[in-house]
Amino acid sequence: MSVVRNTFNPDETAMLGRVYENGNFEGETAEQKEARASRIIANYMAGITDEAELIELSRRPLGR
């Protein structure tokens, strides 16, 4: 049986918020912001927990 995780604790939420705020760039569209937020969450759920690494990876397309 697999466990599905769909919530974050307050510390995780605060850290993800910092990553999102520190990863923005000038001229970013609403669509780009949404895609970046999705990448942050996807990378975090894949096990990446370092804030600087999450910021860097959030600026790149998700790899397959």
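Everything quoted here is computed from the prediction, not taken from an experiment.
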A.B. asks: Roughly how far, to the nearest 0.5 Å, is the OG atom of Ser58 from the CG atom of Asn22?
C.D. replies: 10.0 Å
A.B. asks: Mind checking side chain to side chain contact (heavy atoms under 4.5 Å, CB included) for Glu56 and listing every partner two or more places apart, or none if nothing turns up?
C.D. replies: Arg60
A.B. asks: Using 0.5 Å steps for rounding, measure from the CD atom of Gln32 to the CZ atom of Arg39.
C.D. replies: 8.5 Å
A.B. asks: Please check: side-chain N/O of Arg36 versus main-chain N/O of Tyr20, any donor-acceptor pairing under 3.5 Å?
C.D. replies: yes
A.B. asks: About how many Å separate CG of Asn43 and CE of Met45, when rounded to the nearest 0.5 Å?
C.D. replies: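 That separation rounds to 11.5 Å.
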A.B. asks: Do Leu54 and Met15 come within less than 4.5 Å of each other through their side chains, counting heavy atoms only?
C.D. replies: yes
A.B. asks: Can you name the side chain to side chain contact (heavy atoms under 4.5 Å, CB included) partners of Leu16, sequence neighbours left out?
C.D. replies: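 Side chain to side chain contact (heavy atoms under 4.5 Å, CB included) check on Leu16 returns Phe8, Ile40, Tyr44.
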A.B. asks: Would you compute the distance between atom CD of Glu12 and atom OG1 of Thr49 and round it to the nearest 0.5 angstrom?
C.D. replies: 10.0 Å
